[in-house]
Amino acid sequence: IDLKTLANGLGCDGIDQNCDGVVDDCEEDIKPPTIHLFEGIARETLPEFDGKFFISGKCFESTSQVVPYLEKNVYAKDECASEFVYNISQVSVHDFSNKNHNYGLAEYSITAFDARCGKGPAWSAKESFLVEIFQGYNDDKKFQGCNGVDGNCDGVVD
């Protein structure tokens, strides 16, 4: 019996399952990492956008603010890996007009992969998040920007 083949992919358990001299190496990692937001970041699921997560507690003045925010507030977890490489990119912006202001709902894709193993089905994860981008006012400028207040009384803060 070839123990390397038999034990390959049994998971990360603190044992060198595939007998290669390395405990919990990439070949033993069978579960992909998961991507999370730090506690306290408000989010909700938007069914009209295929159930993607909307970061509801933050409105951005421009798209240039989103990647630095996500870099500080997103992390990955895995039973084997402790260091990850992150790729964050804008996928799309859906433009909307609501009463007196224009805004965009921007989708960002985050990929996290195990820094040791690279990309692969058990070593990487992908998640999408939606954020609000304030794009300016319509005719009535007295109402809302990204200020934490529902200035246009539409039931949505920012």
Side-chain angles (χ1 to χ4, degrees), residues 11-14 22-138 140-158:
C12 295
D13 56 5
V22 180
V23 175
D24 294 339
D25 61 13
C26 296
E27 292 174 357
E28 295 175 35
D29 190 353
I30 59 173
K31 294 181 187 173
T34 53
I35 297 174
H36 305 271
L37 291 170
F38 282 112
E39 193 171 324
I41 306 293
R43 76 176 190 183
E44 58 188 86
T45 303
L46 295 182
E48 63 272 26
F49 286 92
D50 299 324
K52 290 186 174 79
F53 292 113
F54 170 61
I55 298 175
S56 55
K58 175 84 172 144
C59 177
F60 298 90
E61 294 287 342
S62 72
T63 56
S64 66
Q65 296 175 330
V66 178
V67 171
Y69 177 84
L70 291 174
E71 288 173 339
K72 290 179 187 174
N73 291 291
V74 170
Y75 67 97
K77 286 176 34 176
D78 186 72
E79 84 280 4
C80 285
S82 59
E83 293 184 34
F84 296 91
V85 176
Y86 297 92
N87 291 331
I88 302 174
S89 61
Q90 182 177 320
V91 177
S92 62
V93 176
H94 306 277
D95 293 320
F96 296 96
S97 182
N98 192 350
K99 291 191 178 175
N100 66 339
H101 72 284
N102 298 317
Y103 66 97
L105 201 55
E107 179 180 349
Y108 282 79
S109 173
I110 301 168
T111 303
F113 59 92
D114 185 335
R116 303 169 308 145
C117 304
K119 296 179 182 176
W123 309 321
S124 59
K126 187 173 186 177
E127 187 73 66
S128 291
F129 292 98
L130 299 168
V131 297
E132 181 181 356
I133 309 291
F134 177 72
Q135 296 176 333
Y137 295 101
N138 290 341
D140 188 353
K141 294 184 172 57
K142 70 179 180 182
F143 284 108
Q144 173 163 332
C146 295
N147 58 9
V149 177
D150 179 15
N152 63 353
C153 302
D154 63 356
V156 179
V157 174
D158 291 334

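What you are looking at is a predicted structure, and each value in this text was computed from that prediction instead of being measured.
By the 6.0 Å contact criterion, CD on E48 is enclosed, its count of non-hydrogen atoms from other residues, nucleotides or ligands being greater than 12.
The shortest non-hydrogen separation linking I35 to I110 is CD1-O, 3.4 Å. Residue S124 comes nearest to P32 through the heavy atom pair O-CB, 3.7 Å, listed as atom of the first residue, atom of the second, then distance. The two residues E79 and D29 have their closest heavy-atom pair at OE2-OD1, 3.2 Å. A pairwise comparison of heavy atoms in D78 and K31 identifies OD1-O, 2.9 Å as the closest pair. Heavy atoms only, all atoms of each residue included: A122 and P33 are closest at O-CD, 3.8 Å.
For the pair I55 and L70, the minimum side-chain heavy-atom distance is below 4.5 Å. Looking at I41 and V74, their side chains never come closer than 4.5 Å, going by heavy atoms from C-beta outward.
How far OG1 of T34 is from CD of E127: 9.5 Å, rounded to the nearest 0.5 Å. Taking CG from L130 and CZ from F49, the interatomic distance works out to 6.5 Å, rounded to the nearest 0.5 Å. The OG atom of S109 sits 9.5 Å away from the NZ atom of K52 when rounded to the nearest 0.5 Å.
Residues satisfying the side chain to side chain donor-acceptor pair (under 3.5 Å) test with Q90, not counting sequence neighbours, are Y108. For E44, the side-chain contact (heavy atoms from CB on, under 4.5 Å) partners at least two apart in sequence or on another chain are L46, F54, S56. S92 meets the side-chain contact (heavy atoms from CB on, under 4.5 Å) test with H94, E107; sequence neighbours excluded. Under the salt bridge (charged side-chain N to carboxylate O under 4.0 Å, His left out) criterion, R43 pairs with no residue, sequence neighbours left out. Listed by chain and residue number, S62 satisfy the side chain to side chain donor-acceptor pair (under 3.5 Å) test with S64 (two or more places apart in sequence, or in another chain).
Residue pairs satisfying the ring-ring contact (aromatic ring centres under 6.0 Å, His included) criterion with at least one member in residues 112-131, sequence neighbours excluded, are absent. Every pair passing ring-ring contact (aromatic ring centres under 6.0 Å, His included) that includes a residue from residues 62-90 is listed here, sequence neighbours excluded: H36-Y75, F38-Y75, F60-Y69. The salt bridge (Lys or Arg N to Asp or Glu O under 4.0 Å) pairs that include a residue from residues 62-76 number zero, where partners must be two or more places apart or lie in different chains.
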Take C26 and C117 through the disulfide (SG to SG under 2.5 Å) test and state the conclusion after the steps.
CA-CA 6 Å; C26 296; C117 304; 1.7 Å; yes
Just do the side chain to side chain contact (heavy atoms under 4.5 Å, CB included) check on V66 and I88 with the steps written out, would you?
CA-CA 10 Å; V66 178; I88 302 174; over 6 Å; no
